[in-house]
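Counting convention: from 1, in listed order, for ligands and their atoms alike.
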Amino acid sequence: MFEKIEHLGIAVKDLAASQKLFSALINQEPYKEESVESEHVKTVFYQTGESKIELLEATHPSSAIATFIEKKGEGIHHIAFAVSDIYAEINRLKAEGFVFINETPKQGADNKVVVFLHPKSSNGVLIELCQER
Ligand code: ZN
């Protein structure tokens, strides 16, 4: 089951500058800073009610965030939905014809396992499904 929008991921060029900006915007500091080596990203998370904002900066030119910013500029990069059973959702969505970037859940930021759906099968929007580990 899709439970809620867990977070919005925002691709940024300069995490320190964007952290300053979003801290002023949201009027609080991020509750977490984390690097995901396998994805070549550095992230910070803000809690806003039951949803979060994730800022992502590339740490390597081969990072998907670097490619995204090159193509589209900074901005909303993905929508992440919290799901109660990630394997059941993967099977359901595959049967519906959705295309996955990775079909096997992998370690994401913020103590989650995650999969991504390819934006080509969801109106150009990168969708993340995540489940608490
Ligand atoms: Zn995310």
Side-chain angles (χ1 to χ4, degrees):
M1 193 176 78
F2 275 46
E3 296 176 322
K4 64 179 179 184
I5 292 178
E6 214 279 334
H7 63 270
L8 295 179
I10 299 176
V12 303
K13 285 182 185 163
D14 179 342
L15 189 61
S18 296
Q19 184 175 329
K20 218 171 153 188
L21 180 85
F22 275 83
S23 294
L25 176 74
I26 299 170
N27 198 25
Q28 57 175 281
E29 293 300 318
Y31 71 90
K32 185 176 228 179
E33 215 181 305
E34 189 177 352
S35 289
V36 185
E37 296 300 335
S38 57
E39 301 293 317
H40 301 297
V41 294
K42 232 165 53 182
T43 68
V44 297
F45 281 88
Y46 292 91
Q47 186 77 50
T48 55
E50 68 169 10
S51 300
K52 298 166 188 164
I53 299 288
E54 174 185 26
L55 305 182
L56 303 111
E57 178 195 60
T59 56
H60 189 273
S62 70
S63 162
I65 296 301
T67 310
F68 177 87
I69 289 176
E70 208 168 280
K71 279 193 200 154
K72 298 187 172 175
E74 295 179 293
I76 293 183
H77 175 257
H78 63 272
I79 300 176
F81 292 96
V83 297
S84 54
D85 181 344
I86 199 163
Y87 293 99
E89 293 302 339
I90 292 165
N91 289 334
R92 184 181 68 79
L93 292 169
K94 273 167 69 178
E96 292 281 356
F98 287 91
V99 177
F100 284 79
I101 292 173
N102 64 303
E103 284 181 18
T104 308
K106 58 183 181 180
Q107 179 64 47
D110 204 28
N111 202 34
K112 301 278 197 300
V113 287
V114 302
V115 292
F116 287 93
L117 276 73
H118 199 287
K120 73 183 176 193
S121 69
S122 45
N123 283 162
V125 180
L126 177 61
I127 304 288
E128 173 183 346
L129 306 183
C130 61
Q131 186 176 357
E132 200 85 33
R133 272 166 63 84

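Checked by atom type, the side-chain pair Glu54/His77 shows no donor-acceptor distance below 3.5 Å.
Every residue meeting the side chain to side chain contact (heavy atoms under 4.5 Å, CB included) condition with Asn102, not counting sequence neighbours, appears here in chain and number order: Lys106, Val115, Phe116. Residues meeting the salt bridge (Lys or Arg N to Asp or Glu O under 4.0 Å) test with Lys52, sequence neighbours left out: Glu6, Asp110.
Residue pairs meeting the salt bridge (charged side-chain N to carboxylate O under 4.0 Å, His left out) criterion with at least one partner in residues 71-85, sequence neighbours excluded, do not occur; the list is empty.
Rounding to the nearest 0.5 Å gives a distance of 9.0 Å between CD of Glu57 and OG of Ser35.
Note on the Zn ion (ligand 1): protein N/O/S atoms under 2.8 Å are His7 NE2, Glu54 OE1, His78 NE2, Glu128 OE1.
Val36 and Ile53 sit in two unconnected hydrophobic clusters of ILVMFWY residues. Membership requires side-chain heavy atoms under 4.5 Å apart, directly or through other members.
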